[in-house]
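Heads up: the structure comes next, in structure tokens.
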Number of protein chains: 2
Amino acid sequence: METPPAPAASLTIGQVAERTGLSVHALRFYEREGILAAPVRRTSGGGRRYSESDVEWLNLCIVLRASGMPIPDIRRYTEFVRAGAGTEPDRLALLRAHEARVLGRLAELQRSLDIVRYKVAVYEDYLEQQPAGPGL
Amino acid sequence: METPPAPAASLTIGQVAERTGLSVHALRFYEREGILAAPVRRTSGGGRRYSESDVEWLNLCIVLRASGMPIPDIRRYTEFVRAGAGTEPDRLALLRAHEARVLGRLAELQRSLDIVRYKVAVYEDYLEQQPAGPGL
DNA sequence: AGTTGATCTAGAGCCCACTCCAGCTCCTAC
DNA sequence: GTAGGAGCTGGAGTGGGCTCTAGATCAACT
């Protein structure tokens, strides 16, 4: 198999891309944007080597992005984490604010869904038995 | 009050902007993009005059946009509506496909929310009693 | 007649989050 | 040693959805 005897977990950018689903472009982009918690180690030749905890961090970033957090906010969170102990209240505040935004977004999506479903129902009724026409 | 005796409902672009929350820029943009069901009437001087049904249509467009339907898809839907009777199955298919996408998006958002809430809980616990530290 | 304010058009500009390119280096295999 | 493939950097390009500008027109008010 491919599994080495568990060395100090060192992944190339390609391997990380494969695991996370991010492109290598995106990985370098994220690094430039300053949203990696720890500086990525490099080989003598300059190649990036990611640790498992880098991958975990990226997975968090992916969740935050997927839930609509803009990169500047992720950067602020990252900076708090890098700043270490004492910034926990700031991180919590940031996460809570994000939680609230996600809740709002969920509610909005749900409202939209209700309307879309209503229109779907109208067209279904119309296509079953043509009484009048579904309007617009 | 402001209610006139219900004339042939004619609104300026500014009034429509106010009612819909869209900018006048966006209204003209949507028109250029071909996502108005009916051609907007014009005054002799070239000014747009919207009807109430234009506003209703725009409200639907807003819902579709808010739920993530891209403008080209809205345009396709609009074209079916303009094409009139016989396109109902196409419209239904389009709406059902959108419904499915919205459901998927809702599920994804919910998963992200769970993770964000987990992290919030971790930080809350940490800040109540400092046993170890919240990790990242 | 003049001023203000809304509207018009065509087209440029902006923001975001990537994405891709050129030109180079590095490692591995043959 | 050389070909291939992954990786490097800095910077340009892309796509979506608006947003804004310039310069003109128009209606209403004073």
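Within every chain, numbering begins at 1; the chains are lettered A, B, ... in the order of the sequence lines, protein sequences first and strands thereafter. All of these numbers come straight from a predicted model, not from anything done at the bench.
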Legend entry - B/S/- contact track for nucleotides 21-30 of chain C, protein heavy atom under 4.0 Å: -----S----
Inset, instruction - Tell me yes or no: between the side chains of B:Asp114 and B:Gln110, is some donor less than 3.5 Å from an acceptor? - result: yes
Legend entry - Partner set under side chain to side chain donor-acceptor pair (under 3.5 Å) for B:Arg117, not counting sequence neighbours: A:Glu99
Inset, instruction - Only counting residues at least two apart or in another chain, list the ones meeting salt bridge (charged side-chain N to carboxylate O under 4.0 Å, His left out) with B:Glu124. - result: A:Arg96
Inset, instruction - Mark yes when over 12 heavy atoms from residues, nucleotides or ligands other than A:Glu18 sit less than 6.0 Å from its CD; otherwise mark no. - result: no
Legend entry - Distance test, side-chain N/O of A:Arg42 to OP1/OP2 of D:dT9, below 4.0 Å: yes
Inset, instruction - Kindly say if A:Arg48 contacts the phosphate of D:dG7, meaning a side-chain N or O under 4.0 Å from OP1 or OP2. - result: no
Inset, instruction - Could you check A:Gln15 against B:Arg65 and say which one's nearest nucleotide on DNA chain D is further toward the 5' end? - result: A:Gln15
Inset, instruction - Kindly state each residue pair satisfying salt bridge (Lys or Arg N to Asp or Glu O under 4.0 Å) with at least one member in residues 52-64 of chain A, sequence neighbours excluded. - result: A:Arg19-A:Glu52
Inset, instruction - Say whether A:Leu113 and A:Ile115 are linked into one hydrophobic cluster, either directly or through other cluster members, by side-chain heavy-atom distances under 4.5 angstrom. - result: no
Legend entry - Minimum-distance nucleotide to A:Ile13 side chain [options: D:dC8, C:dA17, C:dT7]: D:dC8
Legend entry - Phosphate OP1/OP2 of D:dA6: any A:Thr12 side-chain N/O under 4.0 Å: no
Inset, instruction - Please check if any side-chain donor atom of A:Tyr123 sits under 3.5 Å from a side-chain acceptor atom of B:Arg91, or the reverse. - result: yes
Please set out all donor-acceptor pairs under 3.5 angstrom arising from side-chain atoms of residues 25-36 of chain B, sequence neighbours excluded.
residue : atom : partner : partner atom : Å
B:Glu31 : OE1  : B:Arg48 : NE           : 2.6
B:Glu31 : OE2  : B:Arg42 : NH2          : 3.3
B:Glu33 : OE1  : B:Arg75 : NH1          : 3.2

Inset, instruction - Could you check whether B:Thr43 gets within reach of a base, just the sugar-phosphate, or nothing at all, counting any heavy atom under 4.0 Å? - result: nothing
Legend entry - Spacing of A:Glu31 atom CD relative to D:dC8 atom C1', expressed in whole Å: 11 Å
Inset, instruction - For A:Phe29 and D:dG10, give me the distance from atom CZ to atom P, rounded to whole Å. - result: 15 Å
Legend entry - Phosphate-side-chain proximity, B:Tyr30 and D:dG17, N/O vs OP1/OP2 below 4.0 Å: no
Inset, instruction - Nearest whole angstrom, please: distance from the P of C:dC18 to the CZ of A:Arg75. - result: 13 Å
Inset, instruction - Convert the base pairs of DNA chain D into dot-bracket notation, remembering that pairs crossing earlier ones are written with [ ] and that bases paired across to another strand are shown as |; include only Watson-Crick or G-U pairs under 3.5 Å. - result: ||||||||||||||||||||||||||||||
Legend entry - Integer-rounded Å distance: D:dT19 P and B:Leu22 CG: 9 Å
Legend entry - From D:dG17, D:dC18, C:dC18, nucleotide with atom closest to A:Ile71 side chain: C:dC18
Inset, instruction - Between A:Pro70 and B:Gly14, name the one whose nearest nucleotide on DNA chain C is closer to the 5' end. - result: B:Gly14
Legend entry - Interatomic distance where CG belongs to A:Leu27 and P belongs to D:dA6 [whole Å]: 16 Å
Legend entry - Whole-Å distance separating the CG atom of A:Asp73 from the P atom of C:dC15: 17 Å
Inset, instruction - Verify the contact: side-chain N or O of B:Arg49 to OP1 or OP2 of C:dT7, cut-off strictly under 4.0 Å; return yes or no. - result: no
Legend entry - Test: A:Arg111 and A:Glu108 ion pair at under 4.0 Å: no
Inset, instruction - Check the hydrophobic clustering (I, L, V, M, F, W, Y; side-chain heavy atoms under 4.5 Å; chains of links allowed) and say if A:Leu109 and B:Leu64 are grouped together. - result: no
Inset, instruction - Measure the distance from CD on A:Glu33 to P on C:dC16 and round it to the nearest whole Å. - result: 10 Å
Inset, instruction - Please tell me which of the listed nucleotides, C:dT19, C:dG11, D:dC18, lies nearest to the side chain of B:Arg32? - result: C:dG11
